[in-house]
**Student:** 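For reference, the structure I am asking about is given below.
Everything numeric in this text was worked out from a predicted model, so none of it was measured.
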Amino acid sequence: MTVAASDRLHTGGWFSDRAVAVTGIAVFAVVTALYLILPFWSLGLHIPLNPNEGWNALQSERALGPGALYPDGDAFFFNNYPPLSFYIVGLFGQAIGDNILAGRILSLIATFVIAGNIVWIVRNLGGSSRYAIFAGLLFLGILSKSYTLYVGVDDPQLLAHAVMSAGFAVFTGSRPGRGRLAAAAALMVTAGMIKHNIFAMPLAATTWLLVNDRRAAERWVIYAATCLVAAFALCWLSYGAAFFDQLGSPRSYSLYRVVTLLGWIQGFIIPLVVWAIFAARVQSDSRVSLVNHLLAAGAIAFAVTRTGEGVSVNSFFDWIIGASIATGLVLSRLAEMPNIERYGVVRMRAVIVGLLCLRLIVLPQNELVKIVLGTELAASTRAQDHNALLDIALMRQLAGPAICEELTLCYWSGHPSAYDEFNAGQAFKTRARDINVLRQQITAGRYRLIQLAHNSPLLDATRAAGLVERTRPGGQLIFAGEAKAFGADAASPPALR
């Protein structure tokens with residue numbers, strides 16, 4: 001029985017295929033909207049939602065202002081990302097007056113764009129409109145419930161996935177011609193110039209073409225290589241050898257990190273299991289094969305990227321996108337499974353959709369519930385925001401050059417930090433930089449404004465420099481070179497810059 005014939009048999013009544021799809025769409029739309037209250041509520045907070053926010057904001061400022069985006073020599077502030085996101089966020093930040101707020105807004109927009117691209121891809125692969133929409137909402141639900149570290153955060157991860165998934169949508173559209181392949185390659189390379197750790201979709205496209213169409217694969221590789229060479233040539237002309245030196249900044253790697261995050265697969269294990277059963281039982285075609293390649297590439301991307309220190313749940317995102325696409329295709333083509341009529345196509349769709357809805361609803365985000373109810377967490381968060389604003393107001397009055405371990409404080413107070421704690425820490429660990437050189441610079445008085453945590457490895461050197469030390473209400477240690485620096489703290493916090 002074909003999918004179309006099966007659907008015609010189940011179009012009426014309270015338990016119809018349409019009712020199953022609409023119910024699933026409604027549940028995911030409502031619950032996901034509730035989960036997304038938290039990132040929308042957090043947009044204007046002066047609290048780092050992710051350790052990368054201040055770093056990204058300062059890089060965006062460098063991209064459009066003074067300072068080298070890719071510094072030469074022995075700097076202790078690194079840039080191991082490609083440049084495109086910094087210009088996008090920087091231009092939007094100039095328009096609204098704040099790079100961090102701009103990055104957070106763009107991240108939220110990108111999340112919805114990815115969901116829209118999933119709808120587009122499922123339709124390209126022959127999925128129905130209803131279950132394509134469900135697949136897009138499934139991605140939003142999985143991310144907003146279990147992987148919120150990057151949702152509505154000033155980080156280029158989701159922006160890159162938005163462009164990459166658009167490229168994959170173009171790739172999957174009808175029969176790939178030369179123009180379509182070239183456009184898909186250009187979009188995917190562009191995504192890589194936003195963030196370079198997302199390669200599952202180009203990998204899946206390449207391996208699938210090699211299996212299914214060697215001539216198209218040759219053209220694809222030529223188009224992709226041409227775009228990549230052009231992008232790197234432009235970076236060479238713009239930034240010189242420092243771009244490549246910085247992109248290869250030292251980082252520690254360990255396979256053990258892959259094991260430590262495997263438990264997080266539970267957030268999308270149901271789509272993976274459902275697809276495995278479906279793909280094992282139906283007669284494979286080019287579309288099923290492409291999804292198989294995409295899921296395998298997503299697993300590889302997770303394993304490879306997660307080995308690097310500092311990589312977190314973002315290592316799952318390619319895999320989650322693939323699992324969402326797979327679910328839309330399964331639900332659309334479930335009638336093709338052998339002997340499925342014994343259980344009922346609509347009934348089995350209802351079971352799958354019901355399990356996914358149950359997974360979305362159970363174990364709700366306690367943080368969300370507390371904030372919505374205005375309880376202790378919300379009050380604590382507002383207090384942290386207020387204290388951060390006081391620190392920012394004070395630091396604005398102090399002269400640099402500056403070092404900040406919490407880079408959002410340097411950014412919002414108008415100081416370009418000379419120190420990047422994470423990347424410098426990696427350089428110290430791999431012996432690409434010597435922490436004692438930085439300590440000597442601090443002791444010699446090179447930096448007149450320093451913000452540190454209580455356990456900072458720079459604390460002793462900073463105290464030896466003779467700077468005036470204060471512990472702020474938020475717990476930050478701030479050191480200033482002026483003897484009267486803390487005599488007139490700002491009484492009221494500033495607004496967003």
**Student:** Taking the six-membered ring for Trp, are the ring centroids of F422 and W55 within less than 6.0 Å of each other?
**Tutor:**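 No, ring centres 6.0 Å or more apart.
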**Student:** Determine yes or no for a side-chain-to-main-chain donor-acceptor pair under 3.5 angstrom, with S249 supplying the side chain and Q246 the backbone.
**Tutor:**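 Yes; judged by distance alone, with no hydrogens or angles, the pair exists.
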**Student:** Distance-only, no hydrogens or angles: does the R306 side chain make a donor-acceptor pair with backbone N or O of Y256 under 3.5 Å?
**Tutor:**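 No; zero donor-acceptor contacts below 3.5 Å.
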**Student:** Pairing donors with acceptors under 3.5 angstrom, does anything connect the side chains of E309 and Q426?
**Tutor:**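 Yes, side-chain donor-acceptor contact under 3.5 Å.
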**Student:** Can you say whether the rings of F278 and W275 are parallel (under 30°), tilted (30 to 60°) or perpendicular (over 60°)?
**Tutor:**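 Correct class here is tilted.
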**Student:** Quick one about T172 and N124 (side-chain donor to acceptor, distance below 3.5 Å, no hydrogens or angles considered), yes or no?
**Tutor:**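 Looking only at side-chain atoms, T172 and N124 do form a donor-acceptor pair, the distance falling under 3.5 Å.
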**Student:** May I ask you to decide if N314's main-chain N or O and S312's side chain share a donor-acceptor pair within less than 3.5 Å?
**Tutor:**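 Judged by distance alone, no pair lies under 3.5 Å.
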**Student:** Under a 3.5 Å threshold, yes or no: a donor from one side chain and an acceptor from the other, between D155 and N52?
**Tutor:**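 There is such a pair between these side chains.
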**Student:** Can a donor-acceptor pair be found, under 3.5 Å and without considering hydrogens, that links the side chain of D385 to the backbone of H46?
**Tutor:**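 Yes, because the side chain of D385 sits within donor-acceptor range (under 3.5 Å) of the backbone of H46.
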**Student:** List in chain and number order the residues that pass ring pair (Phe, Tyr, Trp, His ring centres under 6.0 Å) with Y239, two or more places apart in sequence or in another chain; answer none if no residue qualifies.
**Tutor:**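 Applying ring pair (Phe, Tyr, Trp, His ring centres under 6.0 Å) to Y239 gives Y70.
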**Student:** Between R333 and D285, is there a side-chain N and carboxylate O pair less than 4.0 Å apart?
**Tutor:**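 Yes.
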**Student:** What is the ring orientation for F86 with Y81, classed by angle as parallel under 30°, tilted 30 to 60°, or perpendicular over 60°?
**Tutor:**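 The rings of F86 and Y81 lie parallel, inter-plane angle below 30°.
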**Student:** For S289, which residues count as a side-chain hydrogen bond (donor to acceptor under 3.5 Å, both in side chains) partner, sequence neighbours excluded?
**Tutor:**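 Once residues adjacent in sequence are excluded, S289 has no partner under the side-chain hydrogen bond (donor to acceptor under 3.5 Å, both in side chains) criterion.
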**Student:** Hey, would you say the F268 and W319 ring centroids sit under 6.0 Å apart?
**Tutor:**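 Centroid separation for F268 and W319: below 6.0 Å.
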**Student:** Only one of L158, N50, T148 forms a side-chain contact (heavy atoms from CB on, under 4.5 Å) with V153, so which one is it?
**Tutor:**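 It is N50, the one option of L158, N50, T148 that forms the side-chain contact (heavy atoms from CB on, under 4.5 Å) with V153.
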**Student:** Determine whether more than 12 heavy atoms belonging to other residues, nucleotides or ligands lie under 6.0 Å from atom CD of Q283.
**Tutor:**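 At most 12 heavy atoms, drawn from other residues, nucleotides or ligands, come within 6.0 Å of this atom.
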**Student:** What side-chain donor-acceptor pairs closer than 3.5 Å can you find for residues 19-34, not counting sequence neighbours?
**Tutor:**
{"from": "T23", "atom 1": "OG1", "to": "A19", "atom 2": "O", "distance (Å)": "2.7"}
{"from": "T32", "atom 1": "OG1", "to": "F28", "atom 2": "O", "distance (Å)": "2.6"}

**Student:** Will you find, in the side chains of S252 and R257, an N or O donor that is under 3.5 Å from an N or O acceptor?
**Tutor:**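 Present: a donor and an acceptor within the cut-off.
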**Student:** Could you tell me whether the side chain of N56 and the main chain of D154 form a donor-acceptor pair under 3.5 Å?
**Tutor:**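 Checked: pair present.
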**Student:** Please check this pair: side chain of S315 against backbone of V311, looking for a donor-acceptor N/O pair closer than 3.5 Å.
**Tutor:**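 Such a contact is absent between S315 side chain and V311 backbone.
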**Student:** Regarding W220 and T206, is there a side-chain donor-to-acceptor distance under 3.5 Å anywhere?
**Tutor:**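 Yes.
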**Student:** Please name all residues satisfying side-chain hydrogen bond (donor to acceptor under 3.5 Å, both in side chains) with E405, sequence neighbours left out, ordered by chain then number.
**Tutor:**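 Once residues adjacent in sequence are excluded, the partners of E405 under the side-chain hydrogen bond (donor to acceptor under 3.5 Å, both in side chains) criterion are S456.
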**Student:** Does any N or O in the side chain of T305 come within less than 3.5 Å of the main-chain N or O of N197, such that one atom is a donor and the other an acceptor?
**Tutor:**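 Checked: no pair found.
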**Student:** Determine whether the side chains of S332 and R123 contain a donor N or O and an acceptor N or O closer than 3.5 Å.
**Tutor:**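 The criterion, which ignores hydrogens and geometry beyond distance, is not satisfied for R123 and S332.
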**Student:** Just wondering, more than 12 heavy atoms not from F244 lying within 6.0 Å of its CZ?
**Tutor:**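 Above 12, so yes.
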**Student:** Sort out for me which residue in F316, W264, F199 forms a ring-ring contact (aromatic ring centres under 6.0 Å, His included) with F302.
**Tutor:**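 So the option named by the test is F316.
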**Student:** Taking Y343's backbone N and O only, do any of them form a donor-acceptor pair with R347's side chain (distance below 3.5 Å, no angle check)?
**Tutor:**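 Judged by distance alone, yes, a pair lies under 3.5 Å.
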**Student:** Please list all pairs meeting ring pair (Phe, Tyr, Trp, His ring centres under 6.0 Å) that have one or both residues in residues 88-128, counting only residues at least two apart or in different chains.
**Tutor:**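 Residue pairs with at least one partner in residues 88-128: there are none.
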**Student:** How would you list, by chain and number, every residue that makes a side-chain hydrogen bond (donor to acceptor under 3.5 Å, both in side chains) with S165, sequence neighbours excluded?
**Tutor:**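 Per chain and number, S165 pairs via side-chain hydrogen bond (donor to acceptor under 3.5 Å, both in side chains) with N117.
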**Student:** Is the side chain of R349 donor-acceptor paired with the backbone N or O of L331 at a distance under 3.5 Å, no angle test?
**Tutor:**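 Yes, because the side chain of R349 sits within donor-acceptor range (under 3.5 Å) of the backbone of L331.
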